[in-house]
Amino acid sequence: MSGSAVSPDILAEPAKEAEPHLILVDGSGYIFRAFHALPPMTRPDGVPVNAVFGFTNMLGQFLTKHAGTHMAVVFDASRSTFRNQIYDQYKAHRPEAPPELVPQFALIREATAAFGVASVELDQYEADDLIAAYACAFAANGGQVTIVSSDKDLMQLVRPGIQLLDPIKQKPIREAEVFEKFGVTPDKVIDVQALAGDSTDNVPGVPGIGIKTAAQLINEYGDLEGLLTAAEQIKQPKRREALIANAELARISKKLVTLDCDTPVPQPIDALLARPPEPGRLAGFLREQGFRSLLHRMGLDGDATPDTAPTSRPRFVPQLPESAPGTTTEITPAADEAAFGPYETVVSAEALAPFIAAAREAGAMGLDTETDALDALRANLVGISLAVGPGRACYIPLRHGPLPGNGDMLQEAPAAPPQMSQDEAVALLKPLLEDPSVMKVLHNAKYDLEVLGRPEHGGILVSPVDDTMLISYSMDAGRHGHGMDELSLRHLGHKPISFDEVTGTGRARIPFTQVALDKATAYAAEDADVTLRLWHALKPRLRPNQALALYEQVERRMVGVLREMELAGIKVDGAELARIGEDFSGRMVVLEKEAQDLAGRPFNVGSPKQLGEILFDEMKLPGGKRGKAGAWGTDAAVLEDLASRGHELPRKVLDWRQLAKLKSTYVEALSAQIDPRDRRVHTDFAMAITSTGRLSSSEPNLQNIPIRSEEGARIRRAFIAEPGHVLLAADYSQIELRLLAHLADVPSLREAFEKGEDIHSRTASDIFGLAPDKVDKEARRRAKTVNFGIIYGMSSFGLASRLGIPAAEARAIIDAYFSRYPGILEEMERLKSEAREKGYVMTPFGRKLWIDGIQAKEQARRGNAERAAINAPFQGGAAEIIKRAMVRMPLALREAGLSARMLLQVHDELLFEVPDSEIEATSEVVRQVMESVAELRVPLKAEIGHGPNWGVAH
DNA sequence: TACATCACG
DNA sequence: GACGTACGTGATGTAC
């Protein structure tokens, strides 16, 4: 694909997306623990529910702390399994399930579903067998697997990619822990169990041999068969006799304890994809069971949980309501209020080791990188900071140079301070940063992951990752900014040292490489410390705010997807841009001269102020309006109006402005952004800027490349595909209007979308009372304006000014619209009152969007907020849909064996670079993913085109 | 640095 | 009776 023609150090890395992670919960373990740990409880109707309560509580707790890309709770389906055919005594003395537990099994499956988690079970197989099958398959495909169980029988599955998590101790069980328990490596566990047997499961084993002896024998003879073959030579007579006499029993035992990776599975792995919880279903379930305390604890018992005051901190949810008062897991004051610094500057492996050990011990760490630029694709790594607990953080400088200013011309050049080499630091840190059992917490992870993933920085693929910026954004979009300093002040009551304080500003700013190590450490280590503390403060809020699924399944997965897109960039034909620029320059010279001749004097055509004075003071043209600064308004609408009245000057200025805009922004600035290494431009997608859930794009902004005018389209045609490739553009058709038809459930609009009709023509027919074949261009144009205006909360005044018609006429059109489309007016009113009462509105997928100013006393400000509230669910819902498509796209393409790269997202459009031979297949995969990503009352439709450049693809 | 303007969805 | 009037972004040039 196109990568072959570009610089390998940028693009050589294969597409890697958010790390697949499967969590398998051993349901039976949870159930029996809950049942025996809790006193009897019944619902009002007498159904026993203590196990249901305990299970629900434990699963809820678990989900506040863990999430994977895939997840399932695995249950035992029946008492009788294939093992009873091998050995009829297997688990024979297990008592029947207590009668009070029996009716709870079904409710527990219901609870699982209410959390949006898959249940898995299969007749004739134990949960352990299914766990083995899924774990093996998932790990074999390169995924990470966590099995939540304390069942030692599962320890045989531990290997790279598969670990156990003890649900009681919350402790990972890996090879070291298995060895501690069985005295052998995980792959030999079944041989040890075959010899030692298991009285609780009635696995016979060899009498007289326990785990210790078994481990010793297996380590000596390799495996069970090796041992049985050599049994004759064993010195101890008793042991020898026992082994010879019970060889067959040992073989049967091995079969009983062996978990077969080839066990049939009842559902494909895809069915285990972590799903968003269904809004209301969990609350409904909890209410049905009468679990009021859980409703409350999960924040499902009323309206929005108000944000905490700026300096107070959210608390962890107590682990169990039954635990004695005061024994909850709230942050202790000591840990909570640890000082921010002093921090350690680490310049040796010896000094780094305790931090690495502490990170592994804690299972989570804060991470931050310092660089010498903001552009992640060019920046050099200057240092790394780690945090392992509140106040426990360090900075590892790597590329700090000598301090400026203290060099003496007569002496030798000043030396750089002693530091670890990057190679040494990477060698020590890479295993930790890639360790699936240690959570790495970053703020704006995309940036650091881009820096650390570059080959010259060790190609570190940090995983797993949490991002405090995205955690905050998932809950609080529109409410405030999500920069670290702001969140620290808001949630930790602490103002971190600012970057400007460390490097200076303006001309005096020095690169981070020139910052003295003590200052650099105070700043950098604090950022890692703050990040980790923010994680502790914010992550537990996700579930009670119903934002966990959004974060885990959408926002967090977008990090890797966007990283790949930014890395890929898009090729721009610089020579073509230069030709366009020449053409525009020549025409601007002519227009400028003509404008000045018409004005009667020279003036700066680019100055709205001078233009206003000429038009309204000197030429005395009518219709001038002053802006808030007292200057005449001269924007395009004003100039168009003047031009339509026959004045020549405004047209010249309009034409000049268009060319000036295109030339400065899209010819000159864009050309300067082309990376000489690959002749591509690499944008930076901001994930937590907008108030609606949209992305934004900057440096350069590739979401506002011209298209509407012919001059603009020339620019777009300078975005090209590599040789042998095309650009493929896929647009969601009318996505916001589809959301309107869905949300307000408008019959006529729904029908038009079902039938694939032109929606604006349908609206024209409906509101102007025209037969479908009588709808002309003008009627359609007006209907289109109304359709979009509705989504923006437009008033009759606004419609009148857009259409150039009297306000009364506009009023009549809007009235016709609302009466012909019942439900829309109600929906608009509902959104306004929801915003007023709760402070936020919701997208159809459950993202809360906070509306700033909705309570304002000033009518103007409040009006703005009300229109924002009306628009937010549509804009935000559309953003949600395309993000879901984006996180599914890389896997879908890979599974289809396609090498297309996703390059850009422009709100309702995805742009791909596709090998010529894969155009058709890619189109189908893209269409399938985009159209199936949400189930609305109307179909989703993607329109797809392709060509050698972006203009043609569209 | 604030404002006006205009490129996009 | 006055007020303001279609949502969301980012980049540029002018003027202060």
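On a predicted model such as this, the values are computed, not experimentally measured, just so you know. Residue numbers start from 1 in every chain, and the chains themselves are labelled A, B, ... in the order their sequence lines are given, proteins ahead of strands. Values below: every heavy atom of this structure, side chains too, minus hydrogens, waters and symmetry copies.
- By the side chain to side chain contact (heavy atoms under 4.5 Å, CB included) test, A/Glu582 is found to be paired with no residue, residues two or more places apart in sequence or in another chain being considered.
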Please tabulate, for side-chain N and O atoms in residues 791-804 of chain A, each donor-acceptor pair with protein atoms closer than 3.5 Å (sequence neighbours left out).
from, atom 1, to, atom 2, distance (Å)
A/Ser795, OG, A/Phe797, N, 3.4
A/Ser795, OG, A/Gly798, N, 3.2
A/Ser801, OG, A/Gly798, O, 3.2

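- Backbone-only engagement by A/Ala636 is indicated by non-hydrogen atom pairs under 4.0 Å involving sugar-phosphate atoms exclusively.
- Whole-Å rounding puts the A/Asp684 CG to C/dT9 P distance at 16 Å.
- A salt bridge (Lys or Arg N to Asp or Glu O under 4.0 Å) check over residues 689-699 of chain A, counting only residues at least two apart or in different chains, returns the pairs A/Arg694-A/Glu736.
- As rounded to whole Å, 16 Å separates atom P of C/dT5 from atom CD1 of A/Ile814.
- Contacts between residues 729-745 of chain A and DNA chain B, defined by a heavy-atom separation below 4.0 Å, involve no residue at all.
- With sequence neighbours excluded, the residues satisfying salt bridge (Lys or Arg N to Asp or Glu O under 4.0 Å) with A/Lys663 are A/Glu668.
- For A/Asp573, there are no salt bridge (Lys or Arg N to Asp or Glu O under 4.0 Å) partners, not counting sequence neighbours.
- With respect to the salt-bridge test (charged N to carboxylate O, under 4.0 angstrom), the residues A/Arg847 and A/Glu880 qualify.
- Counting only heavy atoms from C-beta outward, the side chains of A/Asp641 and A/Val638 never approach each other to under 4.5 Å.
- Heavy-atom distances under 4.0 Å link DNA chain B to A/Arg657, A/Gln658 of residues 651-660 of chain A, given in residue order.
- Between the CD1 atom of A/Ile689 and the P atom of B/dG9 there is a distance of 21 Å, given to the nearest Å.
- Helical stems involving DNA chain C, defined as 3 or more consecutive Watson-Crick or G-U pairs under 3.5 Å, span B:1-9 with C:7-15.
- A/Ser607 places a side-chain N or O within donor-acceptor distance of the main-chain N or O of A/Gln610, the cut-off being under 3.5 Å.
- Residues of residues 779-811 of chain A having a heavy atom closer than 4.0 Å to DNA chain C, listed by number: A/Thr785, A/Phe788, A/Gly789, A/Tyr792, A/Met794, A/Ser795, A/Phe797, A/Gly798, A/Arg802.
- Considering only side-chain N and O atoms, A/Arg708 lies nowhere under 4.0 angstrom from the phosphate OP1 or OP2 of B/dA7.
- Shortest non-hydrogen contact noted between A/Leu740 and A/Ile824 is CD2-CD1, 3.9 Å.
- Nucleic acid contact class of A/Arg867 (heavy atoms, under 4.0 Å, all strands): sugar-phosphate only.
- The nucleotide whose nearest atom lies closest to any side-chain atom of A/Asp908 is, among B/dG9, C/dG8, B/dC6, B/dG9.
- Outside the 6.0 Å centre-distance limit, the rings of A/Tyr473 and A/His480 are not counted as a close aromatic pair.
- Look at the C1' atom in both B/dC6 and C/dA2: the space between them is 31 Å, to the nearest Å.
- Within the nucleic acid shown, A/Ile707 comes within 4.0 Å of sugar-phosphate atoms alone, with no base atom in reach, counting heavy atoms only.
- A salt bridge does not link A/Arg679 to A/Asp675: none of the charged side-chain nitrogens sits closer than 4.0 Å to a carboxylate oxygen.
- Partners of A/Phe753 according to the ring-ring contact (aromatic ring centres under 6.0 Å, His included) rule, which considers only residues two or more places apart in sequence or in another chain, do not exist here.
- Residue A/Gln703 contributes atom CD, which lies 8 Å from atom C1' of B/dG9 at whole-angstrom precision.
- There is a side-chain donor-acceptor pair under 3.5 Å between A/Gln875 and A/Thr692.
- Between B/dA2 and C/dA6, the two P atoms lie 26 Å apart (nearest whole Å).
- Smallest separation of non-hydrogen atoms from A/Leu562 and A/Lys446: CB-CD, 3.8 Å.
- Comment: A/Lys652 does not engage A/Glu592 in a salt bridge, judged by the lack of any side-chain N to carboxylate O separation of less than 4.0 angstrom.
- Atom CG of A/Asn864 and atom C1' of C/dA6 are 10 Å apart (whole Å).
- In this structure, A/His760 and A/Phe788 have tilted ring planes: the angle between them lies in the 30° to 60° band.
- Nucleotide B/dT5 holds its C1' atom 19 Å from the CH2 atom of A/Trp632, rounded to whole Å.
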**Asked** Can you give one letter per nucleotide of nucleotides 11-16 of chain C, going 5' to 3': B for a protein heavy atom under 4.0 Å from the base, S for sugar-phosphate only, - for none?
**Response** BSSSSS
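- Distance CD (A/Glu880) to P (C/dG8): 18 Å, rounded to an integer number of Å.
- Across the protein-nucleic acid pair, A/Asn871 atom CG and B/dG9 atom P stand 16 Å apart, rounded to whole Å.
- Applying the ring-ring contact (aromatic ring centres under 6.0 Å, His included) rule to A/Phe499 yields the partners A/Tyr523; only residues at least two apart in sequence or on another chain are considered.
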